[in-house]
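Here the structure is laid out as structure tokens; the discussion comes afterwards.
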Number of protein chains: 2
Amino acid sequence: MIERRPTQVDVAREAGVSRQTVSLVTRDDPRVSDHSRHAVLAAMEKLGYRPNVAARALAAHRTGFVGISLSDLVNPFHGELIELIRCHCEAQGLVPFIAPVGQDAADEKVAIERLLEMNVDGLILISPMADDESLDRIGSQVPTVVVTRNAGPDSVDLVHTDDRAGARAVVGELMASGYRPVVYLGVDRPVSGDSSRARIEGYRSILAEAGYEPRVEMVSPGEVGRALGRVVQEFGNGFGLCCHNDLIALEAIGHLEVFGLRPGRDVGVTGFDNSGISGYPGIQLTTVDQSTAAMARRAVDLLSERMGGRAEPVDVVMPARLVTRATSGRTGYLR
Amino acid sequence: MIERRPTQVDVAREAGVSRQTVSLVTRDDPRVSDHSRHAVLAAMEKLGYRPNVAARALAAHRTGFVGISLSDLVNPFHGELIELIRCHCEAQGLVPFIAPVGQDAADEKVAIERLLEMNVDGLILISPMADDESLDRIGSQVPTVVVTRNAGPDSVDLVHTDDRAGARAVVGELMASGYRPVVYLGVDRPVSGDSSRARIEGYRSILAEAGYEPRVEMVSPGEVGRALGRVVQEFGNGFGLCCHNDLIALEAIGHLEVFGLRPGRDVGVTGFDNSGISGYPGIQLTTVDQSTAAMARRAVDLLSERMGGRAEPVDVVMPARLVTRATSGRTGYLR
DNA sequence: GTGAAAGCGCTAACAA
DNA sequence: TTGTTAGCGCTTTCAC
């Protein structure tokens, strides 16, 4: 039922040339006569020849593969990012593969290890949980770009949004709309250089400047209710809720409605990521846009450069853009 | 900066054994003395040895890789499914990789082609767009399981939910709550055996039994507004909206609120997938549960069996379970 | 422009 | 239990 795959030998026999000529054709080498090339291509087509990547990798010491590690597949922001990265990889002749990561840093390590085992030429790590030492080990083995982190070892490049500024922007917006106090609802990711930390830092800084005490509630996705209950109990209404990302904000909005609190009216709510759903009518979440497309492009470009031999680390900071919608209260009440 | 990776030769020298012994240890072969095994493992650890998968694939004619093709990374249902598939692959000693697919069938073909090139031992295709002929070509090259489709060639196995029954259940629920007419809001995927078709068929069948005319509106994600506008214009309120999946339902709910229509009260709305967000308080979407965990497990099991030599096609139908929440109106109005 | 030869790092059958 | 011997399918000098 499952037949043997044709090899270059089969193609060569079919085309009436030597096997080496076939190899040259696959690599687009110019020193093949038009006639031979044509015969080879026709034979490949006829036989359904597909190069054996394992053999090529073994002989050529490269694969053209780019490994992508991605933990949170449920976050639509990541989905958008991956699709854009894929497009830019295509354009650069790189072949992207995703290793699904499980829950924790240990799972992530396994996933990255596997990408290394399959001889990827480069690595794009999206919101990795690994510590700097692990990142350094990885980066010194293969060109690596880390996306959404603002710090890391010199062996990797960094692409991230100005999370601090983004957080300051949304918190500023909530305060300008009159919400007090502004509470931060975040995820607990004790990873150096992680976006969650930068956002909290931005939140703290702008509150400090305005002379307010910070109040940070750490939650896991899916468990926003309890934390929010505490906040409602303590402050009633009129407070602002600066959420780590759009998903948490959506969950918070759901809980607020149960408490009878209308987002953008009784309570100000903001997210982060400007993911597709945040702009839906009926949701209209005020959030921060991360210029996802530019991030994706820069990440792939940096990787190409690293693969091309650059050794000095590069850190690209993308602008954070406030997207003001209904949930922060100033553009008209929706609900 | 980037040092050469150690090979079995290096490990053998370090451990003071022959290279072949190292090979045996990597394959967990029992006929190695405890002493040698220990020395080899220590040497591997010390050198940071990692097997070269390309070389292994070339020699052993298998990789242990399972390729997963996945078009819609933004749909959280797919994210959940992938994570479950990953877990079961681990348990079976299989290594999952995802090839990100672009927008259309041509992109998908490229992505699957790449998985084949990297010598995956098996393929799990999630909601593929390929036609039956393409699927047959794929399935006759490598063991393949197609998830979420109810028809396909004999060379592939099928795992899918009873979409017809699921659609009948939600439409029945909407009608029992008194919504008339019940409109279907679906995506246009002209793929044989696709879940979208089965759901529409279920919708039509139950409407026909009750003596109503069907009304199917096809939309693309992100463009629900226009179609919904037509429906509202025509029927005012009191109608039911059976949406192809939760994402579309959420988008529809957003638009309904702009029209001043409250889901579960003025209009009945249902989704499909029972994805995490559908149960959020404040959303409370009536939907259909697809027993995602069981689907994932069966898919991986079927793949193992195929890889083990089974040639007869298997078609597994998972039960569709109605999850009644607020948006279909009978469990108390939320909004 | 084409062919010959060597070898990438590993597995697998067999012999010792 | 360990070593020997062939390759797997391809790229890459280097001659021709």
Side-chain angles (χ1 to χ4, degrees), chain A residues 2-41 43-44 47-65 95 114 116-121 141, chain B residues 2-41 43-44 47-65 93 95 116-121 141:
Chain A
I2 293 186
E3 66 266 20
R4 190 180 67 84
R5 256 167 60 172
T7 73
Q8 289 188 345
V9 174
D10 302 312
V11 174
R13 191 185 317 111
E14 177 74 27
V17 300
S18 78
R19 193 171 60 73
Q20 294 73 348
T21 305
V22 176
S23 175
L24 291 179
V25 172
T26 64
R27 284 174 281 147
D28 278 332
D29 195 295
R31 51 187 183 180
V32 183
S33 69
D34 274 4
H35 180 257
S36 297
R37 157 168 288 116
H38 211 75
V40 168
L41 291 175
M44 283 179 174
L47 268 48
Y49 170 78
R50 193 180 308 112
N52 184 324
V53 173
R56 168 177 294 174
L58 199 54
H61 304 284
R62 40 180 195 73
T63 53
F65 291 168
V95 178
R114 284 173 177 169
L116 293 176
E117 280 177 12
M118 67 178 278
N119 298 300
V120 294
D121 290 344
Q141 287 177 65
Chain B
I2 293 186
E3 66 265 21
R4 191 181 66 83
R5 259 168 58 172
T7 73
Q8 289 187 345
V9 174
D10 302 312
V11 174
R13 192 185 316 114
E14 177 73 28
V17 301
S18 78
R19 192 173 62 73
Q20 296 71 350
T21 306
V22 177
S23 176
L24 290 179
V25 171
T26 65
R27 284 175 280 147
D28 279 330
D29 195 296
R31 51 189 181 177
V32 183
S33 69
D34 274 4
H35 180 256
S36 296
R37 159 168 286 117
H38 212 74
V40 167
L41 291 175
M44 282 180 175
L47 268 47
Y49 170 78
R50 191 178 311 111
N52 183 325
V53 173
R56 168 177 295 174
L58 200 53
H61 304 284
R62 42 180 194 73
T63 53
F65 291 168
V95 178
L116 294 176
E117 280 177 13
M118 68 180 278
N119 298 300
V120 294
D121 290 346
Q141 287 176 68

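- The phosphate of D:dT2 has OP1 or OP2 within less than 4.0 Å of a side-chain N or O from B:Ser36.
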In B/S/- notation, 5' to 3', how is nucleotides 7-13 of chain D contacted by protein heavy atoms closer than 4.0 Å?
BBBBBB-

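- Atom CG in A:Asn119 sits about 12 Å away from atom C1' in C:dC10, given to the nearest Å.
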Please output the side-chain donor-acceptor pairs of residues 51-62 of chain A that fall under 3.5 Å, not counting sequence neighbours, one pair per line with the distance.
residue : atom : partner  : partner atom : Å
A:Asn52 : OD1  : A:Ala54  : N            : 2.9
A:Asn52 : OD1  : A:Ala55  : N            : 3.2
A:Asn52 : OD1  : B:Asn119 : ND2          : 3.2

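- In this structure, A:Thr21 reaches the C:dG3 phosphate: one of its side-chain N or O atoms is under 4.0 Å from OP1 or OP2.
- Here the straight-line distance linking atom OG1 of A:Thr26 with atom CZ of A:Arg50 works out to 14.5 Å at 0.5 Å rounding.
- Phosphate proximity of D:dG3 to B:Ser18: present, with a side-chain N or O under 4.0 Å from OP1 or OP2.
- Sorted by first and then second residue, the salt bridge (charged side-chain N to carboxylate O under 4.0 Å, His left out) pairs with a member in residues 14-26 of chain B read B:Glu14-B:Lys46; sequence neighbours excluded.
- Taking 4.0 Å as the cut-off between side-chain N and carboxylate O, A:Asp29 and A:Arg27 do not count as a salt-bridged pair.
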side-chain contact (heavy atoms from CB on, under 4.5 Å) between A:Val120 and A:Met118: does it pass, once the steps are laid out?
CA-CA 6 Å; A:Val120 294; A:Met118 67 178 278; 4.0 Å; yes

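- With rounding to the nearest 0.5 Å, the separation of CE in A:Met44 from CD in A:Gln8 is 6.5 Å.
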